[in-house]
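To start, the structure itself, in structure tokens.
Predicted model, so just to flag it, every value in this text is computed and none were measured. The chain is numbered in sequence order, starting from 1.
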Amino acid sequence: MERKRIIQSLLFLLQLNVLIALKDDPCTTAKNLPNFELRLKAFKIDLARGDRPICDRYFIKEPGEWFRTVDGNEMVNNRTTFFECGTQYSIYMQGHVPSSLNRVVNRTACVIPSCTTKYNIQLKKCSNFTVYYLPRPSSCDQAYCFGFGENGIAPNITTDKPTVKYELVKSAGKTAAELSEQKLAFKCHFTPVVDGTNIIYYKVFWYVNDHTSTIFASQAVPKERLPETYLRGETGLDSIKLNIEISCKVRLYYHPKGPPGPSSEASEKFFAGIKPLKRVYEISRDNTTVIEFKLTVPFGCMYANHNDPYPLPCKHWISLTTPNYLKCSQGIYAVDRCGKLIWSRNWNETQTISIKHKNDNNYRTIQTFEVHTETEVRSNGEPFWDGVELPTVFINVSEGSNEWKNKKCEAVSDPHMTSFENRHYESQEPGTYTLYKNKDPLENINEIQMKVTPCNYVKSGNYEHMNQCACGIAARASSDVYVIDRCPGTVPFYFGFKSCVEDSLNVMKKVNDEHDYEI
């Protein structure tokens, strides 16, 4: 029994050691070097055509990583020249790939042109591929160079400048229970090349927002299989969101794994998504305006039956997802349900969202508001359409006519009173008077009161008169009350807030004037 336990323990330790060895074996852990198809020796870039050199500083982590070969392409071991291997300064290997399996060997890798800059690399021959330990280059644009599996002649021609087009492609469900649906596909459109009797293979490279790295590089295929080069959800779009700029390039081959010809010119960038027709709108206080935007590509729908010629209509929703001051209840809000419903049949029409500035009754309004919009997340459909953030739209709000701004009500001396409407009144009796009182749309009371006291007795002949003077004022805005009281009996005189709850009153004493206040 004891012997059996010892044997089991030894077997467990042996298994554990094997697992650890597999975990640490680069033949198991090495990954593919990004843009491998662009770093072949015969792959020459042309900066005049807009080609961007590969820089492995962006793809290799410090201090270095293990990478594996693809399709039998080994690292080039003869000196390369400028602009080969998809970069400006290619890195080639001194020495050969080892013939024996599972042995790590050291080699030197040189940066052209003179090998002044060099790196210590390692190689290990695995069953049917080789792994390389590649240090991170010290500068750009340096990239490691590899050969091609099939020798042959590279085409010296290329296509015309391609253009990006789109179409909805009918796609069957993955199972019998799943409905067929339309899926968005982008096509790199160009004129096929005729080169004598040679069969031409086309390889399409897709880029998003720039030409630095590909989101998808197709296989080299004959023109009959060009739909395989389309950019779709499964070839890269599902990993990103729309509202992107898409472009493509094409290279020709005489053999799918042979050396490539020169790159075509890059297509113009195509904006795919939803864009506002304007980024800035002007609106007067408490008024409405309309934001306009347009889809540049359609979204697909489901088919009731696979053989139906047309899909069922479907919809998408664009919502306002604004900062706190732009919720539907205040500031800027959408008049119609906080967003816009778009039907598939009307996708290419100009879409609108009516928005309104809701007056918050403050004396001064915020001058500029941001409007943020985003597509909803649906239960079906392609994910790159969901949660797409549209460019921010800015709403500049003006005060409008300003007729109510800077108006004054006055009470001077006797007092002679003037209302906000510029009407004149007289009152020669002491007491407390209401000069102004009003309720705003939120039922808040705004009020101004004045206190009058006898102040100067005048006698001239048979004429006797006691003048009255304004000695106190109280200004109320909702729950806030500010009082200035210099009336007889008030000791000491009072200047200040009787109530300050909402902080809606702004009181300023004029510079160098103890008798002039602005509320």
Sub-6.0 Å ring centroid separation between Y202 and F190
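Yes, the ring centres sit under 6.0 Å apart.
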Counting the benzene-type ring for Trp, do Y89 and F82 have ring centres under 6.0 Å apart?
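Close enough - the centres of the two rings lie under 6.0 Å apart.
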Is a donor from one side chain sitting under 3.5 angstrom from an acceptor on the other, for [X] and [Y]?
X: D141; Y: T87; result: no
X: S100; Y: R103; result: yes
X: H96; Y: N77; result: yes
X: D195; Y: Y254; result: yes
X: E282; Y: N396; result: yes
X: T130; Y: E74; result: yes
X: S218; Y: T229; result: no
X: T214; Y: N35; result: yes

Is any side-chain heavy atom of [Y] closer than 4.5 Å to one of [X]?
X: E389; Y: N243; value: no
X: C248; Y: Y207; value: no
X: C110; Y: I91; value: no
X: V371; Y: T392; value: no
X: H316; Y: E376; value: yes
X: V105; Y: Q122; value: no
X: E374; Y: I318; value: no
X: M302; Y: P311; value: no

Electrostatic pair [X]-[Y], nearest N-O below 4.0 angstrom:
X: D25; Y: K124; answer: yes
X: K31; Y: E65; answer: yes
X: E268; Y: K161; answer: yes

Please find the pair of heavy atoms, one from [X] and one from [Y], that lie closest to each other, and give the distance.
X: I353; Y: F293; answer: CG1-CE2, 3.6 Å
X: R378; Y: F299; answer: NH1-CD1, 4.4 Å
X: L242; Y: V297; answer: CD1-CG2, 4.2 Å
X: P313; Y: S344; answer: CA-OG, 3.8 Å

Here's one to test your reading of the geometry: is the NZ or CZ of K269 within 45 degrees of the ring axis of F271 and under 6.0 Å from its centre?
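Geometry flag: not set, cation outside 6.0 Å or 45°.
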Decide whether a cation-pi geometry holds between K165 and F186; the criteria are a distance under 6.0 Å from NZ or CZ to the six-membered ring centre and an angle within 45° of the ring axis.
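No cation-pi geometry.
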Below 30° counts as parallel, above 60° as perpendicular, anything between as tilted: where do the rings of W347 and Y166 land?
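Perpendicular.
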If you apply the rule salt bridge (charged side-chain N to carboxylate O under 4.0 Å, His left out), what do you find for D51 with K249, and how did you get there?
CA-CA 9 Å; D51 291 343; K249 297 179 184 178; 2.7 Å; yes
Checking ring pair (Phe, Tyr, Trp, His ring centres under 6.0 Å) between Y132 and each of F67, Y144, W66, F146, which is the one that passes?
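The passing option is F146.
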